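We number each residue from 1, following the sequence as shown. Treat the numbers as computed from the prediction; the structure is a model and nothing was measured.
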Amino acid sequence: MSMEARVGVVEGGQRALNSALNQQPKRSLNPQSQIGAVNQLLAGGIAGAFSKTCTAPLARLTILFQVQGMHSDVSALSKASIWREASRIASEEGFRAFWRGNLVTIAHRLPYSSVSFYAYERYKKLLHSTIGEDLRGNATANMCVHFLGGGMAGITAASATYPLDLVRTRLAAQTNALYYRGIGHAFHTICREEGFLGLYKGLGVTLLGVGPSIAISFSVYEALRSFWQSERPNDSTVMVSLACGSLSGIASSTATFPLDLVRRRMQLEGAGGRARIYNTGLLGTFRHIIRNEGLLGLYRGILPEYYKVVPSVGIVFMTYETLKMLLSNMQTSD
């Protein structure tokens with residue numbers, strides 16, 4: 001799944017960084033409870049939106065590469081490159097076009113990342129209460145809690161905000177010809193031409209991918225951080241969290257990128273009055289892409305996705321922690 005689902009990879013790092021900043025190991029208060037539920041949602045949403053804005057050019061390049069095979073000459077696809085596509089955008093569409101669709105990305109990111117952060121904490125507590133006291137310290141049980149909690153949080157957040165995600169894809173995929181003139185116009189046009197359910201095209205494959213994506217991010221992050229700290233306990237917790245968050249993002253992206261590519265293409269089915277291309281469901285779509293573009297066609301756009309992992313994780317991590325401390329200080333002063 002794309003990095004839009006991965007703001008949660010810093011959850012474990014929040015506790016590590018909080019410990020490093022306080023330099024008081026005995027202090028066991030949960031950072032989320034310190035700032036309260038509302039402020040937790042606010043900090044998570046703003047951190048996600050700021051991170052997405054900073055990495056928007058790479059995100060748009062990923063989307064453009066992912067959907068190239070839908071209406072392009074397949075024989076010409078191998079000629080594409082990140083630099084050539086970026087140059088084309090700058091010369092033909094203007095520099096601001098790198099952020100096309102970013103406004104709806106922020107509108108999507110605020111509720112998505114907030115719900116993701118908040119739901120993960122709630123699901124984790126529910127799962128911990130379910131497994132019982134005897135298994136609380138068991139490493140396997142804890143891994144299952146992180147995996148299931150992350151997956152359910154991702155599914156919850158994706159379902160609640162899906163229409164915004166679809167509109168974002170359609171706006172970002174536009175090049176020179178602008179069929180949708182903005183967020184409101186896109187919503188109105190899709191509902192008029194494709195019906196209300198047109199806003200939920202590709203929801204099935206989205207839910208199929210977003211759960212495993214966030215689950216992998218959370219579980220890989222927790223496993224890497226625990227191993228690193230057990231082997232090198234004196235390393236900076238900030239650097240450990242950033243490194244583990246980046247690696248977990250790469251692992252998640254690699255594992256679920258084919259589903260993300262299919263999701264993007266399904267979201268664009270019928271857009272702008274164009275004829276449908278994939279009419280055989282999820283498996284048929286996979287077969288169509290492999291037959292026409294080869295197996296590597298399922299990973300079209302993976303490079304810009306990789307390039308944005310480290311800055312995205314770093315930005316959301318630092319922004320969330322800064323906001324959390326500011327909000328905590330504001331509560332203390334009150």
Side-chain angles (χ1 to χ4, degrees), residues 1-5 52 56 58-74 76-77 80 85 88-89 92-93 97-105 107-108 158 161-210 256-293 297-302 304-305:
M1 189 67 188
S2 63
M3 281 297 297
E4 69 191 47
K52 294 298 289 185
L58 288 170
R60 186 170 183 233
L61 284 170
T62 297
I63 292 175
L64 289 174
F65 282 131
Q66 284 179 319
V67 303
Q68 271 184 341
M70 292 186 68
H71 303 287
S72 302
D73 180 8
V74 175
L77 293 179
E85 184 64 16
R88 184 201 64 77
I89 293 173
E92 296 181 6
E93 304 177 45
F98 283 107
W99 281 267
R100 179 168 294 162
N102 189 57
L103 183 60
V104 70
T105 299
H108 169 266
T161 60
Y162 189 78
L164 284 169
D165 182 56
L166 182 139
V167 169
R168 173 214 174 193
T169 298
R170 295 205 176 183
L171 290 176
Q174 295 184 121
T175 51
N176 294 321
L178 300 182
Y179 190 79
Y180 304 110
R181 297 192 297 270
I183 300 174
H185 181 258
F187 271 109
H188 181 265
T189 303
I190 293 170
C191 289
R192 185 184 70 246
E193 297 180 352
E194 305 169 48
F196 179 75
L197 292 180
L199 294 172
Y200 291 88
K201 284 183 176 179
L203 177 61
V205 68
T206 298
L207 298 183
L208 185 62
V210 72
T256 61
F257 194 82
L259 280 173
D260 188 55
L261 181 141
V262 171
R263 171 178 73 103
R264 296 293 187 194
R265 295 194 179 188
M266 286 186 169
Q267 287 179 330
L268 288 173
E269 281 280 77
R274 288 184 170 181
R276 292 178 60 88
I277 299 175
Y278 311 112
N279 299 301
T280 53
L282 177 60
L283 294 179
T285 301
F286 271 107
R287 285 195 295 267
H288 184 280
I289 294 172
I290 294 173
R291 183 175 63 251
N292 289 278
E293 304 172 46
L298 294 174
Y299 285 89
R300 191 175 303 283
I302 191 72
E305 178 76 4

Side chain to side chain contact (heavy atoms under 4.5 Å, CB included) between Val205 and Phe286, intermediate numbers included: CA-CA 11 Å; Val205 68; Phe286 271 107; 5.6 Å; no
Output yes when a side-chain donor or acceptor of Gln66 lies under 3.5 Å from a complementary backbone atom of Arg265, and no otherwise. no
Atom NE2 of residue position His185 - does it have more than 12 heavy atoms of other residues, nucleotides or ligands inside 6.0 Å? yes
Nearest heavy-atom neighbours spanning Phe65 and Pro304: CD1-CG, 4.1 Å
For the side chain of Glu85 and the backbone of Leu61, is there at least one donor-acceptor N/O pair under 3.5 Å apart? no
What verdict does the side chain to side chain contact (heavy atoms under 4.5 Å, CB included) test give for Leu207 and Tyr162, after you've listed the backbone C-alpha separation in whole Å, the side-chain angles of each residue and the deciding distance to 0.1 Å? CA-CA 10 Å; Leu207 298 183; Tyr162 189 78; over 6 Å; no
In the structure I gave you, are the side-chain heavy atoms of Arg181 and Thr189 within less than 4.5 Å of one another anywhere? no
Indicate the atoms forming the closest heavy-atom contact of Glu193 with Tyr179, along with that distance. OE2-OH, 2.5 Å
Let me confirm one number: the OG1-CD1 distance from Thr169 to Ile63, rounded to the nearest 0.5 Å. 5.0 Å
Would you say the side chain of His288 lies within less than 4.5 Å of the side chain of Glu293, judging by non-hydrogen atoms? no
Is there side-chain contact between Phe187 and Leu199, with at least one heavy-atom pair below 4.5 Å? yes
Taking the side chain as every heavy atom from C-beta outward, state whether Ile289 and Arg300 have any atom pair closer than 4.5 Å. no
With Arg100, the side chain to side chain contact (heavy atoms under 4.5 Å, CB included) member among Thr105, Leu178, Ile89: Leu178
Taking Arg60 for the side chain and Ala97 for the main chain, is one N or O donor matched with an acceptor at less than 3.5 Å? yes
Where is the tightest heavy-atom contact between Thr206 and Ala158, given as atom of each residue plus distance? CG2-CB, 4.4 Å
Provide the closest heavy-atom pair for Ala56 versus Asn102 in the form atom of the first, atom of the second, distance. CB-OD1, 3.7 Å
What are the two closest heavy atoms between Gly202 and Met266, and how far apart are they? CA-CB, 4.0 Å
Any side-chain to backbone donor/acceptor pair from Glu269 onto Ile277? Under 3.5 Å, distance only. yes
Verify side chain to side chain contact (heavy atoms under 4.5 Å, CB included) between Leu171 and Gln174, making sure each step is shown before the conclusion. CA-CA 6 Å; Leu171 290 176; Gln174 295 184 121; 3.8 Å; yes
Check Ala186 against Val167 and note the closest heavy-atom contact, atom names and distance. CB-CG1, 3.8 Å
Taking it one step at a time, do Leu166 and Tyr200 satisfy side chain to side chain contact (heavy atoms under 4.5 Å, CB included)? CA-CA 7 Å; Leu166 182 139; Tyr200 291 88; over 6 Å; no
